[in-house]
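Reviewing the structure listed below.
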Amino acid sequence: MRYHLFKKSRVYSGRPYCGPTSDNEPAEADTLEEAITLQQEMKYRNPVGWDIFDSETQEKVNEI
């Protein structure tokens, strides 16, 4: 299972965020713990708010 990070202000499309805040790389992680760490790093770089989604179920699992 993978976890995707996505901007809180946008509608999740089933793909991870990929833009300047993630150095133009897909914002995804293998574990929820890694995703939370990435979420905190991205919030520091861009405080717009970030949600974490389960890539299989496409359900939101965490938000800050």
Nearest-0.5 Å distance, CD1 of residue I52 to CD of residue E59
14.5 Å
V61 vs F53 side-chain heavy atoms within contact, under 4.5 Å
no
Test your reading of the model: is there a side-chain donor-acceptor pair from D23 to the backbone of E25, 3.5 Å cut-off?
no
Between K8 and W50, does a side chain to side chain contact (heavy atoms under 4.5 Å, CB included) hold up when you go through it step by step?
CA-CA 5 Å; K8 184 179 285 290; W50 297 94; over 6 Å; no
Would you say CZ of R15 has more than 12 non-hydrogen atoms from neighbouring residues, nucleotides or ligands within 6.0 angstrom?
no
Which distance, rounded to the nearest 0.5 Å, do you find between the CG of D30 and the OG of S55?
9.5 Å
How long is the span from the NZ atom in K43 to the OG1 atom in T21, to the nearest 0.5 Å?
14.0 Å
Could you tell me the separation between the CD atom of Q58 and the NE2 atom of H4, rounded to the nearest 0.5 Å?
8.5 Å
In a check of side-chain contact (heavy atoms from CB on, under 4.5 Å) between E34 and each of T31, L32, T37, L38, which one passes?
T31
Verify whether the ring centers belonging to F6 and Y17 lie closer than 6.0 Å.
no
Rounded distance (nearest 0.5 Å) linking atom CD of E28 with atom OG of S22
10.0 Å
Can you measure from CE (M1) to OG1 (T57) and round to the nearest 0.5 angstrom?
7.5 Å
R10 bridged to D51 by N-O distance under 4.0 Å:
no
Can you find a heavy atom in the side chain of N62 that is under 4.5 Å from one in the side chain of Q39?
yes
Nearest heavy-atom approach of P26 to P16 is CB-CG, 3.7 Å
